[in-house]
Amino acid sequence: MTSEASVETADSRTWIGVTLAWIFPGLGHFYLGRRRRAIFYAVIVTATFLFGLVFEGRLDWPEPGAPLTYLATFASLGSGLLSILARLLIENPRGGVLSVTYEYGCTFLRTAGLMNLLLMLDVYDITRGRKS
Amino acid sequence: MRISVPVTMLAAGFPVDHFLIMLLYAFLVSSFFAMLWASDRPSRTRLFTKIFGALVLGGLAVAWLMYPFPS
């Protein structure tokens, strides 16, 4: 295999891994053969996300004039398919603002998204040889 | 077709305890970072303990500092 071809293979492996990592927590690591880690990450991130829903948190969406909602949306959409499915399927994606656990729910949902974004970076580092 | 969130903490009759929720959050976050940042079991355990302790004790310290402020 020429060096150009091997770079191309590494590139495609990287982007497939990173995309899979965004789609579902742990899927990128599973693709790279790190199965135990993948299962652990899937359980932890999915549990954090589901607790966020159970605590009646809000699935953020950008609101004109509120710049922080753009950052919150970025964090929230980090959960990939979980976030998209929840937005499509649940009755009240804006959460229960009057619920006593609303703020906790928002925090859990954003944390799950940020965790998954870190997993995407981890997959990137592994495929680039920066991490074993 | 849309579904309602099947269970909420209040509807399920769980006690809504701020400290328990903080412990749960600290557990999930410290487990995640221990696995992400440490490579072997002893260092993972140490890192988990450090992050978990920092989150819980830090939360309590901030709560204690905020106590004099009226709501």
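Just so it is clear, the structure is predicted and the values come from calculations on it, not from any experiment. By convention in this document, chain letters (A, B, ...) are assigned in the order of the sequence lines, proteins followed by strands, and residues within each chain are numbered from 1.
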(request) Answer yes or no: does atom CZ of A/Phe24 have more than 12 heavy-atom neighbours from other residues, nucleotides or ligands under 6.0 Å? (result) yes
(request) May I ask you to decide if the ring planes of B/Tyr25 and A/Phe108 are parallel, tilted or perpendicular, using 30° and 60° as cut-offs? (result) perpendicular
(message) Hydrophobic cluster membership, with links at side-chain heavy-atom distances under 4.5 Å among I/L/V/M/F/W/Y: are B/Met35 and B/Phe33 in one?
(response) yes
(message) As an exercise, state the distance from CG of B/Leu36 to CZ of A/Phe40, rounded to the nearest 0.5 Å.
(response) 10.0 Å
(request) Decide whether A/Leu114 and A/Leu71 are clustered together by the hydrophobic rule: side chain heavy atoms of Ile, Leu, Val, Met, Phe, Trp, Tyr closer than 4.5 Å, transitively. (result) no
(message) What I'd like to find out is whether the side chain of B/Leu28 reaches to under 4.5 Å of the side chain of A/Phe51, using heavy atoms alone.
(response) yes
(message) side-chain contact (heavy atoms from CB on, under 4.5 Å) for B/His18 and A/Tyr104? Distances and angles first, verdict last.
(response) CA-CA 9 Å; B/His18 299 270; A/Tyr104 294 115; 2.3 Å; yes
(message) Let me confirm one number: the CZ-OG1 distance from B/Phe27 to A/Thr48, rounded to the nearest 0.5 Å.
(response) 10.0 Å
(message) Heavy-atom cut-off 4.5 Å, strictly under: side chain, backbone, both or neither for A/Val43 against chain B?
(response) neither
(message) Nearest 0.5 angstrom please: B/Phe32 CZ to A/Leu118 CG, how far?
(response) 5.0 Å
(message) Would a single hydrophobic cluster contain both A/Trp15 and A/Ile126, if residues Ile, Leu, Val, Met, Phe, Trp and Tyr are joined by side-chain heavy-atom contacts under 4.5 Å?
(response) yes
(request) Treating Ile, Leu, Val, Met, Phe, Trp and Tyr as nodes and any side-chain heavy-atom pair under 4.5 angstrom as an edge, say whether A/Leu27 and A/Leu77 lie in one connected cluster. (result) no
(message) Can you tell me if A/Arg94 has over 12 outside heavy atoms packed within less than 6.0 Å of its CZ?
(response) no
(request) Tabulate, in ascending numerical order, the residues of residues 43-52 of chain B having at least one heavy atom closer than 4.5 Å to a heavy atom of chain A, or enter 'none'. (result) B/Arg44
(request) Using the rule that two of Ile, Leu, Val, Met, Phe, Trp, Tyr join whenever any of their side-chain heavy atoms come within less than 4.5 Å, decide whether A/Ile44 and B/Trp37 are in one cluster. (result) yes
